Structure formats: structure tokens, C-alpha cells
Asks: 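Can you read through this structure? Questions will come right after.
Quick caveat: nothing in here was measured; it's all calculated off a predicted structure.
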Amino acid sequence: MQQKVRFQIEGMTCQACASRIEKVLNKKDFVESAGVNFASEEAQVTFDDSKTSAADIAKIIEKTGYGAKEKTEDTLPHAEAEHHIGWRLWLLLAINIPFLIGMAGMMIGWHDWMIPPVWQFVLASVVQLWLAVPFYKSAWASIKGGLANMDVLVTIGTVSIYLYSVYMLFFSPHAAHGMAHVYFEVGVMVIGFVSLGKFLEHRTKKSSLNSLGLLLKLTPTQVNVQRDGEWKQLPIDQVQIGDLIRANHGERIAADGIIESGSGWADESHLTGESNPEEKKAGGKVLAGALMTEGSVVYRATQLGSQTLLGDMMNALSEAQGSKAPIARVADKAAAVFVPTVVGIALLTFIATWLVKGDWTIALMHAVAVLVIACPCALGLATPAAIMVGMGKAVKHGIWFKDAAAMEEAAHVDAVVLDKTGTLTEGRPQVAAVYCVPDSGFDEDALYRIAAAVEQNAAHPLARAIVSAAQARGLEIPTAQNAQTVVGAGITAEVEGVGLVKAGKAEFAELTLPKFSDGVWDIASIVAVSVDNKPIGAFALADALKADTAEAIGRLKKHNIDVYIMSGDNQGTVEYVAKQLGIAHAFGNMSPRDKAAEVQKLKAAGKTVAMVGDGINDAPALAAANVSFAMKGGADVAEHTASATLMQHSVNQLADALLVSQATLKNIKQNLFFAFFYNILGIPLAALGFLNPIIAGAAMAASSVSVLGNALRLKRVNIE
């Protein structure tokens, strides 16, 4: 049986490390697929659990030289600790200060600012023989694993320049005359700049890029819980399902629950993306993380931790951010051969420069500059960094993407297929008119009673409207048995004392409607009813458009995205709604199979199609589309099939999802361009001697931070 497991990976220093772990895992016959995300430092592995276990896979990862800790959905992610500069980096930066002062003096011709060569040797030895040890360990583990990472380049470059300087200071013919040319500052400053760059990169990845930390802050650490008839302040981990919890004005809800008493208003925008507070009163639901903006409530906890909607969202976000987008393959392929290629270029640079210049000192400096300027980290971070920020931005708008591939595909969408009821409209239709077949023997009340008896077994908004209308009339609804849904047509059931009742489309109930003077029948959704295959009447149900639907359609059209309505309602109703919204493509009387077939036609015509739906009948079309969106709270099969979930029943959220995806893909392309351009420009400049190793080290450290900084711009992108 296939099982999917996630691991937190420790010890990766660049994309080459991630590629190495992937390569080792994917070679195993019991591994279906394995992907490692350098930015989130996470591995996702699908494997055959009849042949191995998660613990065994963790051991395989550890043998490649990295730590692996399994991540489960049973508990919420832990908040990241504050990332401070450690003593090792502080000491390294302090040692860099005298060399920086000396370099500044040399630039203006004051060579006596540089400390004496012997002291240079002492400080450089502290760095190379002690502070740089983590680089050596990483480089050795990488080489043992059969793949060279960034630390291999740094190690080769700095050790070479250190050994050269030691030789020149103590063993060269010029040493006795104090004429030795040493370059201890190069190794010290390269190690310093690269270490600082790694720290900034790690802090950005753990803090700024990932939205999980912000979500974790939404859950209070202390809550007011009723125990033994008294209210007590307890840590959140001591709360149990069934406990009564009090949340006052300005406090956050600690668990999903049902309100027992009190009332107020709660901001649930962290889950829905909707900034308007929701009114809360006895009998209503509260969601973990919601902020009480007014009032006070006492609620009974029904779900805790990872079982809450907030916990589910955090686990979904964590998994989605750890997945890999298809576009990342470009960087992965480049990173796999990057370090060996750079070492080869450095060797050729050394030989060519020595032959041309006749000076192996200059040749060594050029070769070291090539080694140091090269940075596979920027390539490895280009895609996952943007995906992590983009996913976080999507969640803030109430959009849950299942994985990075879905987000990338959504960026290419140029055609959107929308269901009508509950998607474009409120999904709360009202009975606008009733028709009873003459001489059928059933009056209007009887029609309501019989229809409601059958429709109370259905979940469709039209069914709920008929049941509610019957209840509002105070009618006694008879019992129905053996209810069966005919997908895309209607529902049948045996009604006590009546017979076999069908409720659904007019043709399903074998009803031919007469021409009505009331125009509502031309634009309304029709539910016809028959008894023992004899039609007895019909209901016309009208459903108002959602307030933001017209705005959402305008946003989609503004971005050159074609909009299609595909509905099971009659063609007249669908065309009426389409005309109101300015939609040119409207299809009515469509079965689930029809919708899926039409989606396939659009794809065959070269369109990248997004489908939005919330019902069982939408599942085939959702599966057929390139990327699909389900409404939260709709049918489980729709949510399971869809590529993403919209927390609001709003087309505006769909527009948000597509535009966030477009912005994210654009950011990825910018990052990849910068990473490739940096290396394509930097390596030749270093080889030709236009960049010394110190500047190369600073530039290399800055490249990763620059890519991360560009990814963070996504947080401020306007998606209107």
C-alpha cells in the first residue's frame, strides 16, 4: 500500500544537498516518488509500506549525511525559535574587522593599515582550523555521498589560498626578506561573508518566507476553562474535548466548538479571507484562531489542535509549501551538475591564466574567485522561496492549494468554467411560483408535502428551498423511503400513502410545462414532481446573484480569462444569468458527463481550464479540468477531487487564486533569471580577473539573499 510521509531535513547547505537526497531515495525500488524542498528544508516521500517503513527511510536520509525527523499531522507545527547570531558567527565577524580596515586602507594607498603578516596568519589559522570546520564537515559528507555541494567550492577555494599564504610567509625565498605576498584576508573574509549570508538566508527561510509562524500565533497559549464549577487559567495543551472555554473581547478562540452562552462578533479572516466579522450567538459555531472583536462567549470544545479547521489549514499549508513545482526541475537539473562544472572551470582558469600571465599567484587568485563566486543556492531557492510566499498569500485570501504543481498550473489558466447555483448565485433559492397539473388530484399544499418528503433526502439548494417553504406553511411532511439520487436529473423515493415520487428536472418527471404569462418561469430553476410516473406539478425557484459576482467576472475578463457557465438548470435560466454578468458562453441542461466532456473540448482547443464547483455532480468536470477549485463545506468528493479549496463561496476568491498564482509564477521566473544571469556573468568576470575572491564571496552571499528578498515582494503584490 502506498503511504506518504514528510521529513524535516537538517544540514542542507544548498540545492545540491537536496538533489543528492532525492537521487538516493528515488533509486530505491520501494520508493514511488521523493522530492526535497531546499527552501522549506522538507522531504516528501511516497513509498510502499509493505516493503519498508518511515523509520527506515529516515535512516537512508541520515546515511547521506543529513538529519531526518518525521512530520505528522497529529500535532500542529512548532513555532520557530528566534534566530540570533551565534557566538561562532560573532567571533568570525570580529576577526574580519581588522582585515576589513586593512583592505580599506589598501584601497586608498595606506598599506600600513593592514596588520602584520604574522598576526594575519594567527587570525586566519583560527578561522581555517577552527571556525571553518562546519564547512569542511559538510563538504566531506557531500563528497562521501557522491555529490559536491556549495561548501566544497568554499573549502577548496579558502584552503588553497590559506596554504598558499602559509607557504609564501614561511617557506618562499622572499619570506626571509619580508617581501612575501600573502592573502590571508581572502580566506577569512570569504568564510565570514558566506557564513553571514547563510545566516541571513536561514533566518529568512524560517521566519519571513513561511506563513506557519503567523498562523501559530493565532492560537492562545493560556485559556479560561471551567473545571469543577470554577473558571481557571490553563495552558492550551491541558484543554480537553468537551471543556467549557470562555473567550472575552480581544481574545482568540482556542478550539473549534459550539457556543453555549453569550454573544458577540468574531473575525475569522485567517480562515476565510473575509475581513467582515461574523455574528456569534448560542448554538452557533466558533473556529480556533478567531478573534473576538466584540462581546464574550462560552463555548464547548469539539475539536482541538490539528483536528481544528485552523490545524487542518496549517498542515495543508505545510505540505503544500514543501511540495515542488514542475518549473523547479530546471533549477534541479542545473544544480545537479553545477559544482563539478564550476570546479572544472576553476581548474581551466588556473591553467589558462598561468600560461598567459606566467604567474601562478595570479592564476590561483582567479581560480579561487571562480570557486567562490559560483552559487547553486540562488538556483535552489528561486522556485521554492516564491512558492512558500505565494502559498502564504493565498491562504490569507482564504485559498488552500493542495501542492505547488496546482499553483503553477493555475497561473496558466485562460478559461474558467463555473457552475451557477451556489457559485454565481447565493445558493439560497426561494420558491417564486407553483404550478399544479389540472385534474391531477393534488392541490398546492399536497404538492409541497409530497415534494418536501422526497427532497429532504437531498442536499441540493433547490431541495432545501422546497423543504423550507413546506415547513414555513406548517405542513406535515410524510415519510419517504428508499430514496435514490439520479445524478444530474433528480431524486426518487417511496412516499407513504402516495406512491413512487420523482422530483427533479421536467423531463425526469415527464412534465411538459405550458406557456406561462409570468416571466419568472423563463428564468427560474424548475423542479417538477410526479407520482407513479404521472406529473402533478412544478416549482419555479429564483436565486439572486451574489453581491460580488459581477465584480469577480469583471476581474477575470480584465486579465483575458474567458468565462463559461455550465449548469444543470434550463437553458433560459442560464442565459438570463449570463446576460446579467456579460458572459458570452452559457450552457444549460448539462449533466455531469456533459460538463466533463465540454471541459475536455476546451482543453483540446488549447485552453488551460479551471473548474469551480461544490457538488457531487461537479466532480467529473473538476477531475477533467487542468486545475479545479472546490467550495469549502461542499460535497466531500468535490473537495477531494479539486486542486484547491476556496473558503468562501465566492468567484472573487477564484480570481484571487488565479492572480496570486500568476504573480507567483512571474516571481519564480524573475528569480531563475537572476540566479542564472548572476552565474553566467559572475563566473567569466572572476575567471578574467575582474573580481577578486573577497568581492566574489560577498556577491555570492548576496545572491541568495537577493533571491529571497525578491520572493518576499510577493507579500506586497497587488492582485486587483
Asks: Would a distance-only check, ignoring hydrogens and angles, find a side-chain to backbone donor-acceptor pair under 3.5 Å from Ser628 to Ser643?
Replies: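 Yes; judged by distance alone, with no hydrogens or angles, the pair exists.
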
Asks: Can you give me the closest heavy-atom contact between Gly67 and Ile61, atom names plus distance?
Replies: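 For Gly67 versus Ile61, the nearest heavy atoms are O-CG2, 4.5 Å.
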
Asks: Taking the side chain as everything from C-beta on, heavy atoms only, tell me whether Ser160 gets closer than 4.5 Å to Ile156.
Replies: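 Sidechains of Ile156 and Ser160: in contact.
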
Asks: Got a donor-acceptor contact below 3.5 angstrom from the Ser661 side chain to the Ala657 backbone?
Replies: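 Yes, because the side chain of Ser661 sits within donor-acceptor range (under 3.5 Å) of the backbone of Ala657.
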
Asks: Would you say Thr308's side chain and Gly305's backbone share a donor-acceptor pair under 3.5 angstrom?
Replies: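 Side chain of Thr308 to backbone of Gly305, a donor-acceptor pair under 3.5 Å: yes, one is there.
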
Asks: Is it the case that atom CZ in Phe677 sees more than 12 heavy atoms from other parts of the structure closer than 6.0 Å?
Replies: no

Asks: Look only at the side chain of Glu22 and the backbone of Val36, and say whether a donor-acceptor pair between them is shorter than 3.5 Å.
Replies: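 Yes: the side chain of Glu22 pairs with the backbone of Val36.
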
Asks: Does any part of the side chain of Ile191, heavy atoms only, come nearer than 4.5 Å to the side chain of Leu92, both counted from C-beta?
Replies: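 Yes, side chains in contact.
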
Asks: Shortest non-hydrogen contact from Ile373 to Asn679?
Replies: O-OD1, 4.2 Å

Asks: Do any N or O atoms from the side chain of Lys402 and from the backbone of Ala642 form a donor-acceptor pair under 3.5 angstrom?
Replies: yes

Asks: So do the side chains of Ser703 and Phe674 get within less than 4.5 Å of each other, counting heavy atoms only?
Replies: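 SC-SC contact between Ser703 and Phe674 confirmed.
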
Asks: For residues Thr158 and Phe135, determine if any side-chain heavy atom of one lies less than 4.5 Å from a side-chain heavy atom of the other.
Replies: no

Asks: Parallel, tilted or perpendicular: which one describes the rings of Tyr167 and Trp360, with boundaries at 30° and 60°?
Replies: tilted

Asks: May I ask you to check whether over 12 heavy atoms, not counting those of Lys603, lie within 6.0 Å of atom NZ?
Replies: yes

Asks: Is a donor from one side chain sitting under 3.5 angstrom from an acceptor on the other, for Asp56 and Ser53?
Replies: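 Yes.
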
Asks: Can you tell me if Glu408 uses its side chain to pair, donor with acceptor, with the backbone of Ile327 under 3.5 Å?
Replies: yes

Asks: For this output row, return yes or no: ring centroids of Trp354 and Phe350 closer than 6.0 angstrom.
Replies: yes

Asks: Consider side chain to side chain contact (heavy atoms under 4.5 Å, CB included). Of Val660, Ile387, Asn667, which one does Leu714 pass it with?
Replies: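 One option only clears the test, and that one is Asn667.
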
Asks: Residues two or more places apart in sequence or in another chain: which of them pass side chain to side chain contact (heavy atoms under 4.5 Å, CB included) with Lys137?
Replies: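 Scan of Lys137 (side chain to side chain contact (heavy atoms under 4.5 Å, CB included), adjacent residues dropped) gives Val133.
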
Asks: Could you check whether any side-chain N or O of Lys393 sits under 3.5 Å from a backbone N or O of Val717, counting only pairs where one atom can act as donor and the other as acceptor?
Replies: yes

Asks: Between the main-chain N or O of Met365 and the side-chain N or O of Asn692, is there a donor-acceptor pair closer than 3.5 Å?
Replies: no

